[in-house]
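Please read the structure below before turning to the comments.
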Amino acid sequence: MSDYPKFAVIGGGSWATAIVKMLSENLPKIAWYMRNDTALEEIKVNFHNPNYLSSVEFDVDQLYLTNDINKAISYADYVIFAIPSAFLSKEMEKLYVSLEGKVIISAIKGIIPETSLIVGEHFHTVYGIPYDNIAVITGPCHAEEVALERLSYLTLACRNEEHAKTVADCLSSHYIKVKETDDIVGTEYAAVLKNIYAIACGMAHGLGYGDNFQALLMSNAIREMKKFIKKVHRMKRNINNSAYLGDLLVTGYSLFSRNRMFGNMIGKGYTVKSAQMEMSMIAEGYYAAKSAYELNQKYGAKTPIINAVYDILYNGKDPKKTFRKLTEKLD
Ligand SMILES: NC(=O)c1ccc[n+]([C@@H]2O[C@H](COP(=O)([O-])OP(=O)(O)OC[C@H]3O[C@@H](n4cnc5c(N)ncnc54)[C@H](O)[C@@H]3O)[C@@H](O)[C@H]2O)c1
Ligand SMILES: O=P(O)(O)OC[C@H](O)CO
């Protein structure tokens with residue numbers, strides 16, 4: 001190993017761009033893989049990702065830019081995945097180098113559709129990565145605010161203290177603070193579920209409900225989240241911590257939220273397809289609503305908000321009528 005930790009970031013979207021920015025505050029070299037050749041060339045020549053967080057300027061001498069995922073992963077001891085969950089399996093099909101001995105860090109807030117597993121479990125089950133070498137980056141943090149260097153707190157979930165410290169140190173800066181936890185499963189599920197609740201908030205807004213109702217919706221959402229996570233993985237956790245409640249609040253309230261934006265369009269009358277086409281970004285909660293709904297058929301937690309979002313997105317149910325029914329179930 002060299003005298004500094006070797007990181008690779010996988011993905012070319014907003015969150016990958018923000019993570020490269022965070023790492024570049026501390027590391028002399030970062031490998032950065034993205035599929036899009038035009039964007040790669042643009043970063044080399046103009047120092048900005050043209051498609052996401054284009055205000056962020058990179059020092060290209062710090063970047064090992066590649067469109068070959070194998071080269072990026074070969075370079076690194078720590079690999080951060082920051083692509084939407086729906087595309088992870090397809091990207092991994094390109095992989096022929098081994099992941100053995102590497103620390104795999106998920107910055108993805110989603111469930112892998114092919115396996116219905118959260119990302120840490122997916123890496124453990126499908127690629128044989130030991131849990132000691134798995135970490136999760138979560139917490140209330142929008143990429144756009146990282147670009148603006150607004151103070152943000154991340155949570156790093158990892159069972160291995162040494163790995164956790166290395167990753168936390170490399171992400172930390174004057175605008176990023178990193179808290180550590182060993183609740184890999186709970187924080188991952190919280191990150192998945194809050195996206196569905198943010199879609200519900202957006203839908204409510206689009207339908208004309210106001211701040212009073214949104215506050216009630218959030219209050220019900222955190223209780224629903226607690227019940228769901230408790231069924232899936234029982235351990236002592238404080239649901240009010242920022243990785244759970246904090247992330248729910250920022251995603252539900254922030255105008256930067258992709259999930260809220262998507263829900264808002266549905267509430268205003270867009271079809272699912274047209275809302276997706278209108279957005280240049282991915283709302284993870286769309287995929288999560290299906291996975292969480294289906295998973296919950298096994299766990300049986302009481303989840304009226306998830307069920308309502310699922311019905312609207314996947315069963316073609318009318319948002320107005322579905323929300324009217326939902327209001328009867330909330331308190
Ligand atoms: N943006 C944030 O603020 C933020 C914060 C925390 C976590 N996350 C999580 O990070 C992950 C990535 O989200 P994002 O916000 O960077 O997404 P984004 O919407 O900004 O970018 C979309 C990404 O998906 C890629 N993509 C689109 N179609 C693809 C395909 N067919 N195959 C492979 N890749 C494809 C694009 O190249 C791009 O990298 C998500 O799980 C999200 O929940 C995002
Ligand atoms: O923009 P969203 O809705 O994908 O949310 C981004 C982050 O997860 C907020 O913490």
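One-based numbering, in listed order, for ligands and for the atoms of each. Everything numeric in this text was worked out from a predicted model, so none of it was measured.
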Check the angle between the aromatic planes of [X] and [Y] and answer parallel, tilted or perpendicular using the 30° and 60° thresholds.
| X | Y | value |
| --- | --- | --- |
| Y131 | H124 | parallel |
| Y286 | Y314 | parallel |
| F323 | Y209 | tilted |

Ligand 2 contact by G139, heavy-atom criterion under 4.0 angstrom: yes
Sub-4.0 Å heavy-atom contact, P140 with ligand 2: yes
Close residues, ligand 1: non-hydrogen atom nearer than 4.0 Å: G12, G13, S14, W15, R35, Y52, A82, I83, P84, F87, K90, E91, A107, I108, K109, C141, H142, A143, R258, M281, I282, E284
Result block: side-chain N/O donor-acceptor pairs under 3.5 angstrom for residues 156-163, not counting sequence neighbours:
residue, atom, partner, partner atom, Å
N160, OD1, E162, N, 2.9
N160, OD1, H163, N, 2.9
N160, ND2, D132, OD2, 3.1
H163, NE2, N133, OD1, 3.2

Partners meeting side chain to side chain contact (heavy atoms under 4.5 Å, CB included) with Y175 (sequence neighbours left out): K21, E25, V146, E149, S173
Donor on one side chain, acceptor on other, N49 and T17, under 3.5 Å: yes
At less than 4.0 angstrom from any non-hydrogen atom of [X], what atoms of ligand 2 do you find?
| X | value |
| --- | --- |
| T251 | 3 (O), 5 (O), 9 (C) |
| K109 | 7 (C), 8 (O), 9 (C), 10 (O) |
| S257 | 1 (O), 2 (P), 3 (O) |

Heavy-atom check, side chain of V103 versus side chain of D77, under 4.5 Å: no
Student check: side-chain heavy atoms of M279 and R258 closer than 4.5 Å: yes
K29 atom NZ, over 12 foreign heavy atoms within 6.0 Å: yes
Protein contact of atom 10 (O) of ligand 2 - nearest heavy atom, named by residue and atom, plus distance: D247 OD1, 2.6 Å
Atom 6 (C) of ligand 2 [closest protein heavy-atom partner, distance rounded to 0.1 Å]: H142 CD2, 3.4 Å
Residue pair K109, K194: steps toward the side chain to side chain contact (heavy atoms under 4.5 Å, CB included) verdict: CA-CA 9 Å; K109 293 180 175 175; K194 64 86 189 174; 3.9 Å; yes
Among R260, K194, R258, E284, closest by any non-hydrogen atom to atom 5 (O) of ligand 2: K194
For D331, side-chain hydrogen bond (donor to acceptor under 3.5 Å, both in side chains) partners two or more places apart: R223
N195 N/O to ligand 2 N/O under 3.5 Å: no
Proximity to ligand 2 by part of N259, non-hydrogen separation under 4.0 Å: both
